[in-house]
Colleague: 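To start, I am sharing the structure in question, which I have written as structure tokens.
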Protein chains: 2
Amino acid sequence: MTGLRANNLPSAHECLAQRFKTWSSGEFDLTLCPVRGILDRLGDKWTTLIVIVLAQRPHRFSEIGRAIPDISKRMLTQTLRDLERDGMITRRVFPTKPPSVEYGLTELGESLLEPLAHLVTWAENSQPKIATARSAFDAAETSPS
Amino acid sequence: MTGLRANNLPSAHECLAQRFKTWSSGEFDLTLCPVRGILDRLGDKWTTLIVIVLAQRPHRFSEIGRAIPDISKRMLTQTLRDLERDGMITRRVFPTKPPSVEYGLTELGESLLEPLAHLVTWAENSQPKIATARSAFDAAETSPS
DNA sequence: CCGGATCCTAGTCGATACTG
DNA sequence: CAGTATCGACTAGGATCCGG
């Protein structure tokens, strides 16, 4: 009864519902769910942007900074280290003078691109609707009656 | 040369690369990119969880709270209002006594489920790899030489 | 039962200055 | 060039009290 339809595109509904039931059944604690940690990472201000930049080709430290104008060196360093720690990017140091460092995606990092592209596409397509809903909501707020 | 293969699944690489080139070409400012705002929303601590909960069926206020044990009323209220403002969820008030409110996904909200399910699936599948990479990285840090 | 208002803490991020 | 260190502003988020 819980079988997903194999040939057809199963509704995202079912997919997520199944997953959620698994999570919330038994004593699986949502609080400790590792997926949450990962999603939090993706949600932070810079990770996704850096991944997208590196998706094109490996970049050097300052190159990334130029591609993302409003990131500070501090955040760039920190986010890169987090991504490296999670095995999403590689860090190659060339002992040239002055030294140069090149960052690139690992296989794991590249495997993120596909779901990420889906999400970005959705965001682009939905952006007008969201903007509309938002202004409608705000208008209703400011003129209640 | 830049044509995407139409019949085959185009690599996420190309998809994102195209998108990024569009973004960074001309004077399109990444800072103002509306997609960033949307991704930030998804990344905050509670929105995704609430959307997943509501994906199963409409819920009442306290029901959501019980499904997500470690959320405070404050954050629940705030996140729900943000989602409502963005047109992702509906809010129906029943003038019963005591009053009850039911939240449910709109079409727009449901359209998010699919890309979200992709991402969650990816996160679950990649979680072991990430854990491995993380412990390897930490081990290398604590014993440098 | 639903949620608004207020207070307060803890983490996050940016700017700046400094090292190798 | 590629970071590290320190400080300070900002803000997300939890606790609590209150009203409908």
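Heavy-atom basis, side chains included; hydrogens, waters and symmetry copies ignored. In what follows, every chain begins at residue 1, and chains take the letters A, B, ... in the order their sequences are listed.
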Colleague: What is the distance from CG of Leu80(B) to C1' of dG3(C), rounded to the nearest Å?
Modeller: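 Leu80(B) atom CG is separated from dG3(C) atom C1' by 11 Å.
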Colleague: Tyr103(A) has a side chain; which of dG14(C), dC2(C), dG3(D) sits nearest to it?
Modeller: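 Nearest to the side-chain atoms of Tyr103(A), counting from C-beta on, is dG3(D).
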Colleague: Using heavy-atom distances to pick each residue's nearest nucleotide on DNA chain D, tell me which of Arg74(A) and Ser100(A) is more 5'.
Modeller: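 This one resolves to Ser100(A).
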Colleague: Between dG4(C), dG3(D), dG14(D), which one does the side chain of Lys73(B) approach most closely?
Modeller: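 Of dG4(C), dG3(D), dG14(D), dG4(C) is nearest to the side chain of Lys73(B).
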Colleague: Side-chain contact test, heavy atoms from C-beta onward, threshold under 4.5 Å: evaluate it for Leu42(A) versus Leu119(A) and give yes or no.
Modeller: no
Colleague: CE of Met75(A) versus P of dA2(D): gap in Å, rounded?
Modeller: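 Taking CE of Met75(A) and P of dA2(D), I get 18 Å after rounding.
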Colleague: What's the separation between atom CG in Leu112(A) and atom CG in Asp86(A), rounded to the nearest 0.5 Å?
Modeller: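 The CG atom of Leu112(A) sits 11.0 Å away from the CG atom of Asp86(A).
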Colleague: Would you kindly compare Arg66(B) and Arg81(B) by the position of their nearest DNA chain C nucleotide and give the one closer to the 5′ end?
Modeller: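 This one resolves to Arg66(B).
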Colleague: Atom CG of Asp82(B) and atom C1' of dT11(D): how far apart are they, to the nearest Å?
Modeller: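 Distance, rounded to whole Å: 14 Å.
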Colleague: Select one nucleotide: of dC1(C), dG3(C), dA2(D), the one nearest the side-chain heavy atoms of Ser62(B).
Modeller: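 Selected nucleotide (nearest to the side chain): dC1(C).
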Colleague: If you only use heavy atoms from C-beta on, which nucleotide in dC1(D), dG3(C), dG14(C) is closest to the side chain of Pro98(A)?
Modeller: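 So the nucleotide nearest the side chain must be dC1(D).
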Colleague: How many whole angstroms separate atom CG of Asp44(A) from atom C1' of dA12(D)?
Modeller: 14 Å
Colleague: In Å and rounded to the nearest 0.5 Å, what is the CG to CD1 distance from Leu80(B) to Ile71(B)?
Modeller: 7.5 Å
Colleague: Please determine, for the side chain of Pro99(B), which listed nucleotide (dG14(D), dG20(D), dT4(D)) has the closest atom?
Modeller: dG20(D)
Colleague: What's the closest nucleotide to the Phe61(A) side chain, out of dG3(C), dG3(D), dG20(C)?
Modeller: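 So the side chain of Phe61(A) is nearest to dG3(D).
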Colleague: In whole Å, I'd like the distance from the CZ atom of Arg60(B) to the C1' atom of dC2(C).
Modeller: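 Taking CZ of Arg60(B) and C1' of dC2(C), I get 9 Å after rounding.
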Colleague: Rounding to a whole Å, what distance do you find between Glu63(A):CD and dA2(D):C1'?
Modeller: 13 Å
Colleague: Identify whether any heavy atom of Phe94(B) sits under 4.0 Å from a base atom; if not, whether one sits that close to sugar-phosphate; answer base, sugar-phosphate or nothing.
Modeller: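 Touches nothing.
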Colleague: Which nucleotide in the list dC13(C), dG20(D), dG3(D) gets nearest to the side chain of Thr77(A)?
Modeller: dG3(D)
Colleague: Tell me which nucleotide among dG14(D), dC13(C), dG3(D) gets nearest to the side chain of Gln78(A).
Modeller: dC13(C)
Colleague: Could you state the atom-to-atom distance from CD1 of Ile71(A) to P of dG14(C) in whole Å?
Modeller: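 Going from Ile71(A) (CD1) to dG14(C) (P), I get 7 Å.
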Colleague: Answer with base, sugar-phosphate or nothing: what part of the nucleic acid does Lys45(B) contact at a heavy-atom distance below 4.0 Å?
Modeller: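 Lys45(B): backbone/sugar contact only, no base atoms under 4.0 Å.
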Colleague: Is Asp40(A) salt-bridged to Lys45(B), going by a charged N under 4.0 Å from an acidic O?
Modeller: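 No, this pair does not count.
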Colleague: Does Asp138(A) reach the side chain of Ser135(A), with side-chain heavy atoms less than 4.5 Å apart?
Modeller: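 No - every pair of side-chain heavy atoms lies 4.5 Å or more apart.
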Colleague: Rounded to whole Å, how long is the line connecting atom CG of Leu76(A) with atom P of dA15(C)?
Modeller: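 Atom-to-atom, Leu76(A) to dA15(C), this comes out as 14 Å.
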